[in-house]
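Inspection log for the structure reproduced underneath, given as structure tokens.
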Amino acid sequence: MKTAAPPAHSKILILDFGSQYTQVIARRIRECQVYSEIVRFDIPADEVAALKPKGIVLSGGPASVYDERAPQLDPKIFSLGIPVLGICYGMQLMAHHLGGQVEFSERREYGAGMLHVKNGSQLFDGIGEQIDIWSSHGDKVTAMPAGFRSAAHTENSAFAAIEDPTRKLYGLQFHPEVAHTPRGKEILQNFVFHICGCAMDWTMGSFLDEACARVRKQVGDQKVVLGLSGGVDSSVTAALLRKAIGDQLTCIFVNNGLLRSREEEMVQRVFGENFHIRLKYVDAAERFLKALEGVTDPETKRKIIGKEFVKVFEQATEELLAEDKANGSGGHGGYHFLAQGTLYPDVIESVAIGGNPAQVIKSHHNVGGLPEKMNFELVEPVRQLFKDEVRQAGLQLGLPKEIVHRQPFPGPGLAVRILGEVTPERLRILRDADTIVTSEMEAADWYYRVWQSFAVLLPVRSVGVMGDQRTYEYTIALRIVESQDGMTADWVRLPYELLARISSRVINEVKGVNRVCYDISSKPPSTIEWE
Ligand code: XMP
């Protein structure tokens with residue numbers, strides 16, 4: 001499958017040595033309205049030169065430069081004449097390759113510290129004499145390569161920042177990209193603007209114009225099909241493609257019977273009525289529920305749902321072709337292009353040195369993957385964007401807040417929130433409870449402040465009393481978590497009054513429920529979803 005080429009911008013290239021903060025560096029630089037791209041640490045120098053970056057950042061990483069399996073870089077990168085900023089491991093690597101000395105440190109520097117800045121370094125322009133920094137390293141540079149000088153020190157290290165301004169090579173022992181280095185962004189700005197000479201040309205407006213032009217170039221006058229889920233990524237992709245290629249876009253929205261209440265109405269209203277996108281709505285609820293009959297194992301549920309989705313999607317594309325033929329618009333030999341809302345974190349090739357296990361765990365979430373045999377060429381107009389950038393793009397394209405800022409919802413839908421068998425009755429109970437949770441969270445202004453807030457239907461029944469009657473009914477668990485990216489999460493300390501309101505409404509209004517529990521587990525070791 002082919003994809004489109006990247007744009008021509010002022011660009012900073014980030015070589016990834018496996019740091020958990022590599023993506024944070026990329027985002028910080030993009031926040032300066034400068035395009036940044038992450039590449040593998042072993043990219044050859046001639047490839048770097050061909051990409052024409054204005055600057056290069058070497059990320060941190062868990063290795064020691066003396067490890068046998070330590071990730072090395074092509075040292076010719078230092079003689080390309082392009083400014084380089086090495087962060088932590090990146091700095092040690094730079095010192096090591098250019099003839100300095102790196103040693104295992106007696107005292108590991110981890111956590112907050114104070115950086116004392118020397119006069120005259122461009123990197124610290126306007127920053128003052130001392131700033132709070134955050135570090136995490138064992139090894140440290142004990143002798144600088146020839147031509148370098150120290151630009152700042154800490155109590156524990158004479159070479160907390162080093163530089164060779166003539167060759168435009170810079171190294172920082174600490175992490176300027178993390179929030180615990182409050183003035184770190186200014187250091188990165190100094191590098192990006194004053195040292196590399198980048199222009200502020202990465203704006204959402206310019207991105208959208210270029211993305212549209214790229215899509216038009218890629219697809220010409222051919223037709224494109226997009227599986228619309230109603231989630232942020234596919235919704236923004238749909239709005240962008242509508243702007244780029246108008247009627248050449250058709251969206252397929254599959255109701256798998258596992259959606260939240262009124263979801264299908266909302267999607268049809270926003271995309272069909274407001275955006276005038278040709279939307280093929282497929283009500284396949286019965287088919288999915290039939291396939292799920294008697295199934296209780298979570299992974300089997302996921303597999304069945306994924307398989308059914310592919311079949312339904314294939315069939316829908318064939319129907320579209322037949323419809324096109326019937327109304328005389330089928331001239332281009334069918335649907336050659338498939339659009340997807342792939343985001344940047346999904347395309348960055350992960351570097352598992354000493355592990356960034358998050359990347360590995362995530363893979364099972366990319367469900368609904370349509371098989372290669374369908375022979376589509378992919379159109380992925382937002383594959384350069386991070387999630388917050390996609391949201392910005394969505395707002396700029398005129399999507400409503402209810403879509404742009406909505407919480408993530410898993411592909412297999414409510415099926416993984418009904419523990420045990422999925423039946424129409426259990427779906428009704430969960431859907432009703434979920435509607436109450438969402439509306440109370442919105443009413444109390446909490447919905448947009450948390451990562452996810454939802455109900456889970458447990459396969460447990462317990463005794464209760466209602467009036468004079470003894471009841472024996474289901475339990476709803478509330479899962480309300482905060483998180484940056486879904487990889488780790490913590491339960492939200494919601495006000496008791498809000499919890500009380502949700503609980504009392506669920507028990508009083510949802511037939512079949514007589515107990516509500518609040519899930520107070522963090523991830524890890526628990527997960528966000530219960531299945
Ligand atoms: P877990 O439960 O693994 O969830 O802590 C992390 C994030 O991923 C979402 N999730 C899924 N999304 N298909 C999806 O598209 C899935 O099978 C799936 N399982 C979990 C979950 O809602 C949370 O945001």
Side-chain angles (χ1 to χ4, degrees), residues 23 226-237 253-260 263 267 288 291-292 295-310 312-313 340-343 345-347 350 356-370 380 382 386-388 390-391 403-419 422 430-431 433-434 437-438 441 447-458 477-492 519-531:
Q23 291 192 27
L226 163 72
L228 185 64
S229 72
V232 180
D233 311 342
S234 68
S235 297
V236 174
T237 304
F253 177 70
V254 177
N255 180 350
N256 58 10
L258 307 164
L259 304 174
R260 288 160 289 188
E263 180 79 1
V267 169
F288 278 87
L292 286 169
V295 179
T296 53
D297 176 64
E299 285 313 303
T300 314
K301 283 184 190 172
R302 277 195 174 80
K303 282 206 185 88
I304 290 174
I305 295 164
K307 233 166 71 191
E308 285 304 309
F309 179 79
V310 171
V312 170
F313 196 88
Q340 282 187 345
T342 314
L343 298 194
D346 301 325
V347 295
S350 81
N356 182 354
Q359 298 280 353
V360 183
I361 296 165
K362 210 170 53 172
S363 64
H364 80 276
H365 292 156
N366 299 327
V367 294
L370 296 164
E380 298 177 309
V382 295
F386 288 110
K387 192 85 179 184
D388 49 337
V390 165
R391 292 206 163 101
I403 287 199
V404 169
H405 285 287
R406 73 190 323 202
Q407 296 174 359
F409 184 67
L414 300 180
V416 291
R417 295 178 180 172
I418 292 174
L419 275 62
V422 179
L430 181 61
R431 213 170 255 140
D434 184 74
V437 175
T438 304
M441 289 293 287
Y447 178 86
Y448 294 110
R449 290 163 63 183
V450 305
W451 173 260
Q452 273 171 304
S453 48
F454 55 87
V456 180
L457 178 61
L458 307 191
L478 300 178
R479 187 66 167 143
I480 303 172
V481 294
E482 54 193 15
S483 170
Q484 289 301 312
D485 51 13
M487 297 301 150
T488 60
D490 197 8
W491 57 281
V492 177
D519 180 349
I520 53 168
S521 336
S522 64
K523 172 183 180 175
S526 302
T527 48
I528 296 176
E529 303 290 346
W530 277 47
E531 283 198 337

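Order of listing sets the numbers, starting from 1, for every ligand and every atom in it. The first residue in the sequence is number 1, and the count goes up from there.
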Under 4.0 Å, heavy-atom basis, I'd like to know which part of Met487 is in contact with ligand 1: side chain, backbone, both or neither.
neither
Nitrogen or oxygen of Gly486 less than 3.5 angstrom from that of ligand 1
no
Within a distance under 4.0 Å of any heavy atom of Pro412, pick out the atoms of ligand 1 and give their elements.
13 (N), 16 (C), 17 (O)
Side chains of Pro345 and Phe386 in contact at under 4.5 Å (non-hydrogen atoms)
yes
For ligand 1, which atoms have a heavy atom of Trp451 less than 4.0 angstrom away?
24 (O)
Any residue meeting side-chain contact (heavy atoms from CB on, under 4.5 Å) with Glu482, in chain and number order, not counting sequence neighbours
Asp490, Val492
Looking only at distances, can you tell me whether any N or O atom of Ile528, backbone or side chain, sits closer than 3.5 Å to an N or O atom of ligand 1?
yes
Hey, does Gln452 come in under 3.5 Å of ligand 1, counting only N/O atoms on both sides?
yes
Heteroatom proximity flag, Glu529 to ligand 1, N/O under 3.5 Å:
yes
Counting C-beta onward and ignoring hydrogens, is there a side-chain heavy-atom pair between Thr438 and Arg260 closer than 4.5 Å?
no
Output for pair (Glu529 CD, Lys523 NZ), nearest 0.5 Å, gives 9.0 Å
Any side-chain heavy atom of Val232 sitting closer than 4.5 Å to one from Val390?
yes
Any side-chain heavy atom of Arg406 sitting closer than 4.5 Å to one from Tyr447?
yes
